[in-house]
Amino acid sequence: MSTATFNSICFNQGYLLKGEVKISKVKNRNQRVKFYVGGASVLSTKCMQSSEKNKKEVRIGLLGASGYTGAEIVRLLANHPYFGITLMTADRKAGQSMGSVFPHLITQDLPTMVSVKDADFSSVDAVFCCLPHGTTQEIIKGLPRHLKIVDLSADFRLRDIAEYEEWYGQPHSASDLQLVFPIIQKEAVYGLTEISREDVKNARLVANPGCYPTSIQLPLVPLIKAKLIEHRNIIIDSKSGVSGAGRGAKEANLYSEIAEGIYSYGVTKHRHVPEIEQGLSDAAQSKINVSFTPHLMPMIRGMQSTIYIEMSQGVTVEDLYQQLRKSYEDEEFVKLLDKGVVPRTHNVRGSNYCFMNVFPDRIPGRAIIISVIDNLVKGASGQALQNLNIMLGFPENTGLLYQPLFP
Ligand SMILES: NC(=O)C1=CN([C@@H]2O[C@H](COP(=O)(O)OP(=O)(O)OC[C@H]3O[C@@H](n4cnc5c(N)ncnc54)[C@H](OP(=O)(O)O)[C@@H]3O)[C@@H](O)[C@H]2O)C=CC1
Ligand SMILES: CC(=O)N[C@@H](CCC(=O)OP(=O)(O)O)C(=O)O
């Protein structure tokens, strides 16, 4: 333990502290330094030396602010010392204030939402694009090149445009003869942060992964890269909270249709299949196909993927566990639980964590992986913020240290 005296420390939550601080542990990873002060963690960033405490120096545009992922970005940025929202858009709700659309955010000082076509991007440095897939390509094409963009929709996730058109049932703008779309598609970096951190650093446009693909690729990619599992017979059973479907009114999402029951949907044809297969095939450097079935659960937030795999010849569950431990021991947001502990969506609710574990199947040679996230945080807005922090050179966890909300 060592002791240091600071004139001012800017906590992530914005509190100021003066005087002597006992530092019990200092860890330096990915250019970030973390001080643990009396059990609380405090980020070391330039605000520690700077007198410009808490100045929101990066101007954020939030497209699709009136949706669930947009509201989640606002919630996370409320505790971000550097990112301030200066522009917000909506479609049907254009002209309204955030507090009237989302009364839980009434305390936030935010601009009125405007339609995208009326948005002025000249005083914006970076954009979170929280729009439905299919609307995003045209809008991103029209954005000034100086902007850093994290797109939460699926519009730039698939490298293969024909595959996008097949699974999304609509033309991809990159198949137009206009050269600009293929260029934008090519520069998009698929932002599964823990796997693509180095590429995200230099990206102008990040295609933020879907929630199911996040919960599935985080455990599988390291195991596939290490050649510990067979590429055939990967079976994925996933469950999502209803907020995964967005805020738009849909008959299928009425309380009376969702409560007290579950249902499978997109059986054999959910649009996340090609995204999952793209990521796993990249890891394997050969084509992988999976069986994937999502289910809608009578809960608001949360996602669990239960994954059944066959281990490579001679590999044990202990090998899988040790590989996941090695891959994620230095990661802030991905946690391999102690052996035998079953991950629960309750334990990641409202946080940017992915909790995972691996279990022996009773059938020899097989294993079962369970991974949980909050679909709106690590599955969407949290990972998007993690990516933008990296793109702009801020500590990756800035604004993301919310602990899970339990019970
Ligand atoms: N919900 C989730 O858990 C996840 C969502 N995603 C993706 O993130 C994106 C946003 O999702 P989510 O927030 O849930 O969706 P919502 O349906 O809750 O919100 C959509 C937002 O887009 C606006 N919008 C709708 N149509 C248009 C249009 N034609 N032009 C401009 N703006 C429009 C809406 O405005 P208004 O309300 O005024 O009509 C609203 O602000 C989607 O692409 C989704 O697939 C990704 C991962 C997880
Ligand atoms: C419950 C529910 O409906 N979930 C959405 C997935 C949301 C998400 O992660 O995906 P995208 O960003 O790819 O839309 C669905 O199945 O389409």
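Because the structure is predicted, anything quoted here is derived from the model rather than measured.
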A.B. asks: Could you tell me if the side chain of F83 sits less than 4.5 Å from the side chain of T398, heavy atoms only?
C.D. replies: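 No. Closest side-chain heavy atoms not under 4.5 Å.
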
A.B. asks: Distance-only, no hydrogens or angles: does the D374 side chain make a donor-acceptor pair with backbone N or O of G350 under 3.5 Å?
C.D. replies: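 Such a contact is found between D374 side chain and G350 backbone.
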
A.B. asks: What do the steps show when you test V317 against F359 for side chain to side chain contact (heavy atoms under 4.5 Å, CB included), and what is the final call?
C.D. replies: CA-CA 7 Å; V317 172; F359 302 87; 6.0 Å; no

A.B. asks: Are any of the side-chain heavy atoms of L376 and S381 separated by less than 4.5 Å?
C.D. replies: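 No, every pair of side-chain atoms sits at 4.5 Å or beyond.
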
A.B. asks: Could you report the tightest heavy-atom contact between V348 and S351, atom names first, then the distance?
C.D. replies: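 Taking V348 first and S351 second, the nearest heavy atoms are O-OG, 2.8 Å.
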
A.B. asks: Answer yes when E329 and K335 have at least one side-chain N-carboxylate O distance shorter than 4.0 Å, and no when they do not.
C.D. replies: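 Result for this pair is no, no salt bridge flagged.
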
A.B. asks: Just by distance, no angles: are the side chains of Q386 and N397 close enough, under 3.5 Å, to form a donor-acceptor pair?
C.D. replies: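 The answer is no; no qualifying pair exists.
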
A.B. asks: With a 3.5 Å distance limit and no angle check, can you tell me whether K250 reaches the backbone of A245 through a side-chain donor-acceptor pair?
C.D. replies: yes

A.B. asks: What distance do L62 atom CG and M113 atom CE have between them, rounded to the nearest 0.5 Å?
C.D. replies: 9.0 Å

A.B. asks: Is it the case that atom CD1 in I300 sees more than 12 heavy atoms from other parts of the structure closer than 6.0 Å?
C.D. replies: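 No - once you tally the heavy atoms of other residues, nucleotides and ligands closer than 6.0 Å, there are 12 at most.
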
A.B. asks: Going from CG on D151 to SG on C129, what distance comes out if it is rounded to the nearest 0.5 angstrom?
C.D. replies: 4.5 Å

A.B. asks: Identify the heavy atoms of T136 and S153 that sit nearest to each other, and give their distance.
C.D. replies: OG1-OG, 3.3 Å

A.B. asks: If you define the side chain from C-beta out and look only at heavy atoms, does anything of T293 sit under 4.5 Å from I236?
C.D. replies: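 They are not in contact (no side-chain heavy atoms under 4.5 Å apart), so the answer is no.
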
A.B. asks: Per the side-chain hydrogen bond (donor to acceptor under 3.5 Å, both in side chains) rule, what does the pair list look like for residues 98-111, sequence neighbours excluded?
C.D. replies: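 side-chain hydrogen bond (donor to acceptor under 3.5 Å, both in side chains) check on residues 98-111 returns S97-S100.
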
A.B. asks: Just wondering, do I234 and N289 contact through their side chains at under 4.5 Å, heavy atoms?
C.D. replies: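 SC-SC contact between N289 and I234 ruled out.
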
A.B. asks: Any side-chain donor-acceptor pair under 3.5 Å between E396 and N389?
C.D. replies: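 N389 and E396 do not have a side-chain donor-acceptor pair below 3.5 Å.
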
A.B. asks: Report yes if the side chains of I224 and I229 come closer than 4.5 Å at any heavy-atom pair, otherwise no.
C.D. replies: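 The answer is yes; the side chains approach within 4.5 Å.
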
A.B. asks: Output, in order, the C-alpha distance, side-chain angles, deciding distance and verdict of salt bridge (charged side-chain N to carboxylate O under 4.0 Å, His left out) for R197 and D199.
C.D. replies: CA-CA 6 Å; R197 186 176 280 118; D199 294 333; over 6 Å; no

A.B. asks: Which pairs with one or both residues in residues 240-289 pass ring pair (Phe, Tyr, Trp, His ring centres under 6.0 Å), sequence neighbours excluded?
C.D. replies: Y212-H270, Y212-H272, Y265-H270, H270-H272, H270-F292

A.B. asks: Assess whether atom NZ of K326 is packed by more than 12 heavy atoms of other residues, nucleotides or ligands within 6.0 Å.
C.D. replies: no

A.B. asks: Applying side-chain hydrogen bond (donor to acceptor under 3.5 Å, both in side chains), which residue pairs with at least one partner in residues 120-131 are found, sequence neighbours left out?
C.D. replies: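 Passing the test, one end in residues 120-131: R59-D125, D120-S122.
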
A.B. asks: Once side-chain hydrogen bond (donor to acceptor under 3.5 Å, both in side chains) is applied, do any residues pair with S215, and if so which ones, sequence neighbours excluded?
C.D. replies: S305

A.B. asks: If you measure from OG1 on T193 to CG on N387, what distance do you get to the nearest 0.5 Å?
C.D. replies: 3.5 Å

A.B. asks: Do N79 and Y402 get their side chains close enough for a donor-acceptor pair, meaning under 3.5 Å?
C.D. replies: yes

A.B. asks: Hey, are the side chains of L158 and Y190 touching, using non-hydrogen atoms and a 4.5 Å cut-off?
C.D. replies: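 Sidechains of Y190 and L158: no contact.
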
A.B. asks: Testing the basics here: between G399 and L385, what is the closest heavy-atom pair and its distance to 0.1 Å?
C.D. replies: O-CD2, 4.1 Å

A.B. asks: Any chance you could measure I276, atom CD1, to I288, atom CD1, to the nearest 0.5 Å?
C.D. replies: 12.0 Å

A.B. asks: Could you note down all residue pairs passing ring pair (Phe, Tyr, Trp, His ring centres under 6.0 Å) where residues 108-141 supplies at least one of them, sequence neighbours left out?
C.D. replies: H133-Y168

A.B. asks: Taking C-beta and beyond as the side chain, do I161 and E165 meet within less than 4.5 Å on heavy atoms?
C.D. replies: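 Sidechains of E165 and I161: in contact.
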
A.B. asks: For the residue pair M297 and I258, what are the closest heavy atoms and their distance?
C.D. replies: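 So the minimum-distance heavy-atom pair works out to O-CG2, 4.0 Å.
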
A.B. asks: For D319 and L228, which heavy atoms make the closest approach, and how far apart are they?
C.D. replies: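 Closest pair (atom of D319, atom of L228, distance): O-CD1, 3.8 Å.
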
A.B. asks: Under a 4.0 Å threshold between the charged nitrogen and the carboxylate oxygen, would E318 count as salt-bridged to R325?
C.D. replies: no

A.B. asks: Would you say S264's side chain and H295's backbone share a donor-acceptor pair under 3.5 angstrom?
C.D. replies: no

A.B. asks: Please list all pairs meeting salt bridge (charged side-chain N to carboxylate O under 4.0 Å, His left out) that have one or both residues in residues 268-286, counting only residues at least two apart or in different chains.
C.D. replies: R157-E275, R159-D282, E277-K287

A.B. asks: Do we see a donor-acceptor contact under 3.5 Å between the side chains of Y164 and D155?
C.D. replies: yes

A.B. asks: Determine the interplanar angle of the F394 and Y82 rings, folded into 0 to 90°, and report it as parallel if under 30°, tilted if 30 to 60°, perpendicular if over 60°.
C.D. replies: parallel

A.B. asks: State, to 0.1 Å, how close T214 and P209 come at their nearest heavy-atom pair, and which atoms those are.
C.D. replies: OG1-CB, 3.5 Å

A.B. asks: State the NZ-CG distance between K339 and N357, to the nearest 0.5 angstrom.
C.D. replies: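 Output value for this atom pair is 9.5 Å.
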
A.B. asks: Taking only residues two or more places apart in sequence, or in another chain, which ones meet T89 in a side-chain hydrogen bond (donor to acceptor under 3.5 Å, both in side chains)?
C.D. replies: none

A.B. asks: With no hydrogens and no angle check, do the side chains of K225 and Q323 hold a donor and an acceptor under 3.5 Å apart?
C.D. replies: no

A.B. asks: Has S281 got a side-chain atom pairing as donor or acceptor with Q278's backbone, closer than 3.5 angstrom?
C.D. replies: no

A.B. asks: List in chain and number order the residues that pass side-chain contact (heavy atoms from CB on, under 4.5 Å) with T112, two or more places apart in sequence or in another chain; answer none if no residue qualifies.
C.D. replies: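 Per chain and number, T112 pairs via side-chain contact (heavy atoms from CB on, under 4.5 Å) with no residue.
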
A.B. asks: For H346, check ring pair (Phe, Tyr, Trp, His ring centres under 6.0 Å) against everything at least two apart and list the hits.
C.D. replies: F406

A.B. asks: Output all residues satisfying salt bridge (charged side-chain N to carboxylate O under 4.0 Å, His left out) with E257, sequence neighbours left out; order by chain, then residue number.
C.D. replies: none

A.B. asks: Using only heavy-atom distances, determine whether the side chains of Q217 and E194 contain a donor-acceptor pair under 3.5 Å.
C.D. replies: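 Side chains of Q217 and E194: no pair found under 3.5 Å.
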
A.B. asks: I'd like to know if the side chain of S238 reaches the main chain of P294, judged simply by a donor and an acceptor atom lying under 3.5 Å from each other, with no hydrogens or angles considered.
C.D. replies: no

A.B. asks: Do S115 and D91 get their side chains close enough for a donor-acceptor pair, meaning under 3.5 Å?
C.D. replies: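 There is no such pair (donor and acceptor under 3.5 Å, judged by atom type) between the side chains of S115 and D91.
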
A.B. asks: With a 4.5 Å heavy-atom cut-off, do L220 and I307 have their side chains touching?
C.D. replies: yes

A.B. asks: Between the side chain of D361 and the main-chain N/O of I368, is any donor-acceptor distance below 3.5 Å?
C.D. replies: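 Answer holds: no.
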
A.B. asks: As a quick check of understanding, evaluate side chain to side chain donor-acceptor pair (under 3.5 Å) for K239 and Q304, giving each step before the final call.
C.D. replies: CA-CA 5 Å; K239 288 147 185 117; Q304 170 166 331; over 6 Å; no

A.B. asks: Using 0.5 Å steps for rounding, measure from the CG atom of L192 to the CG atom of N208.
C.D. replies: 9.0 Å

A.B. asks: Does any pair with a residue in residues 62-80 pass salt bridge (charged side-chain N to carboxylate O under 4.0 Å, His left out), and if so which ones, sequence neighbours excluded?
C.D. replies: E72-R75, E72-R301

A.B. asks: If the condition is side-chain contact (heavy atoms from CB on, under 4.5 Å), which residues does E310 pass it with, not counting sequence neighbours?
C.D. replies: E230, R232, N233, R366

